[in-house]
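One structure is given below, encoded as structure tokens.
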There are 2 protein chains.
Amino acid sequence: MLAAERKAKIIEFVKRTNIATVTQLSEEFNVHEATIRRDLSEIEREGHLRRTHGGVILGEGIHSEPSFTVRATERVEEKQRIGEKAAEMIQEGDSIILDSGTTTFQIAKYIANKTNITVVTNDINIAAELRDSKGIKVIVTGGVLYPESFMLNGMFTNDVLKKLHVHKAFIGTPAIHPKKGLTHFEELFVPAKMEMINAASEVIVVTDHTKLGGVSLHMVSPINKVDKLITGEEASDTQIQQFKESGVEIIIS
Amino acid sequence: MLAAERKAKIIEFVKRTNIATVTQLSEEFNVHEATIRRDLSEIEREGHLRRTHGGVILGEGIHSEPSFTVRATERVEEKQRIGEKAAEMIQEGDSIILDSGTTTFQIAKYIANKTNITVVTNDINIAAELRDSKGIKVIVTGGVLYPESFMLNGMFTNDVLKKLHVHKAFIGTPAIHPKKGLTHFEELFVPAKMEMINAASEVIVVTDHTKLGGVSLHMVSPINKVDKLITGEEASDTQIQQFKESGVEIIIS
DNA sequence: TTGCTTTTCTTTCTGCTGCTAACATAACGT
DNA sequence: ACGTTATGTTAGCAGCAGAAAGAAAAGCAA
């Protein structure tokens, strides 16, 4: 058996059992305990499992998120700032929508310790992040799970969103333009975003500065439906000015 | 038993009983009291429980249900066998419902490499597990996320389930009785299970042997709606015979 | 409160098990 | 044959569990 193959099988094994001893694994795979220890060290370094004395245990929230983490490494620092700023705008008693995405995920991280908040989201990663926050009620929209992200979409998602109304919706977008408004390159995802915007009293778009001024094929929303826009300080003054002239309150963080 | 494993089980134990003495715990786990004290110190440092003189009590939020990760360490091996057996019953082209739970979670692990399957689930942990499986389409029911588990429940869950029909539903249960059928201790979770049963052509109950013969307060389904029951070989012949007489096809693994 | 007794906690020591690291050996590809 | 990689082996080290003793806390009586 190849070393890499064995490593993969160890991960598989432990994900099923949740816990395993070094001895147990060495017997299972007929290799020396030292070999298992080496494997475990590497596996831990890769972040799949957590080692303990005598064995290995499934980490807390470890259920792998490869493509997600890759995307999330881009401009994380800017997104964190945006997330923190957005979180400041959420008050006790608010109900909010968090759109699926990496920027909105950062918002979730910053509201974990708030209380008396209801969060509606179509992102199961955001839902999992907020799961243990005692003061937060999480409502997940149903729908089809998209493999490359943690997003739920489709008819069920739209149906649930239609039946809800929230104070604030935090929407991510791949393109926002001071005149053309919100646009998206993928038609499939448009209806859900439109429902989110309709369901909220206040629409807050969160996006890093590289998306400003972009235009894609499918129209999501005119600019006048966007109340606020939170973006990074990397945005140029010209861009900021243009959005201001379109009646958007722009917040730099 | 691994130290980390024992610590997890202590947390589980105390979450069930709300309070426990050092003596009690040392007898439960057959270790020295000093060891328990050391464990408790660490557990307290991690913030899971609060120590007192003579024992330990639950921290802030009191949760009667043990958390998912801890619950999953009980009878894992039996649940794996059940999960593997259940997975064998799923064929290419099937659409199935996977109820939230630790046994059904094992099913998910065993179907990851199947193709052309549609899985409907109210468990975001199951959804996350199947996310990367190319051949599997995952539909998540919406709903309110329950802390300490990964279950979605409520009106939205039921609405989505009403609009679906699947070939097979795999249902977990805390109690199944050969005469009284499926029952549940928590009223809130009953409607979703009923919808799941209604939505399926074939109802397959999966549960470890300790749940056989149990009866709880709230009725979920009469026994004649249950087509098959998969449980562990630990089940007694008497129990197996009783279910057979009730017209349930019982599968031992 | 004060003093006494009992229980529980902390600290320290010791034996044991598992861990790390270095080296040796075997398998593999060039 | 050589270097590379994976695996096994060994020795010294680190961390865990049990035991015991002194310290601290709780309970109780006057």
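Quantities reported herein were computed from a predicted structural model and do not represent experimental measurements. Chain identifiers are assigned alphabetically (A, B, ...) following the order of the sequence lines, protein sequences preceding nucleic acid strands; residue numbering begins at 1 within each chain.
To the nearest 0.5 Å, atom CG of residue B/Asp99 and atom OG1 of residue B/Thr121 are 7.5 Å apart. Distance check: A/Thr104 OG1 to A/Ile96 CD1 gives 10.0 Å after rounding to the nearest 0.5 Å.
At a threshold of 4.0 Å, the pair A/Lys85-A/Glu233 does not count as salt-bridged, since none of the basic side-chain nitrogens sits closer than that to a carboxylate oxygen. The pair B/Arg37-B/Glu33 meets the salt-bridge criterion, since a charged nitrogen lies less than 4.0 angstrom from a carboxylate oxygen. Ion pairing of A/Glu42 with A/Arg38 is absent here, as no side-chain N (NZ or NE/NH1/NH2) approaches a carboxylate O to less than 4.0 Å. Between A/Glu234 and A/Arg81 there is a salt bridge, since at least one side-chain N of the basic residue sits less than 4.0 Å from a carboxylate O of the acidic one.
Contact between the side-chain N/O atoms of A/Arg37 and the OP1/OP2 oxygens of D/dA6 is not found at any separation under 4.0 Å.
Nucleic acid contact class of A/Thr21 (heavy atoms, under 4.0 Å, all strands): none.
One interatomic measurement links the two molecules: CD of B/Glu5 to P of C/dG18, which rounds to 14 Å at whole-angstrom precision. The distance between atom CD of B/Gln24 and atom P of C/dT8, rounded to the nearest whole Å, is 12 Å.
A heavy atom lying under 4.0 Å from DNA chain D marks none of the residues of residues 7-14 of chain A.
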Handout entry: Contact pattern, 5' to 3', of nucleotides 14-22 of chain D - B, S or - by protein heavy atom under 4.0 Å
Key = -SSBBB---
Exercise for the section: Start with the C-alpha distance between B/His184 and B/Ser216, add both sets of side-chain angles, then the distance that settles side chain to side chain donor-acceptor pair (under 3.5 Å), and finish with yes or no. Expected result: CA-CA 5 Å; B/His184 203 290; B/Ser216 280; over 6 Å; no
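Side-chain atoms of B/Gln106 and B/Val206, non-hydrogen and from C-beta on, never get closer than 4.5 Å to each other.
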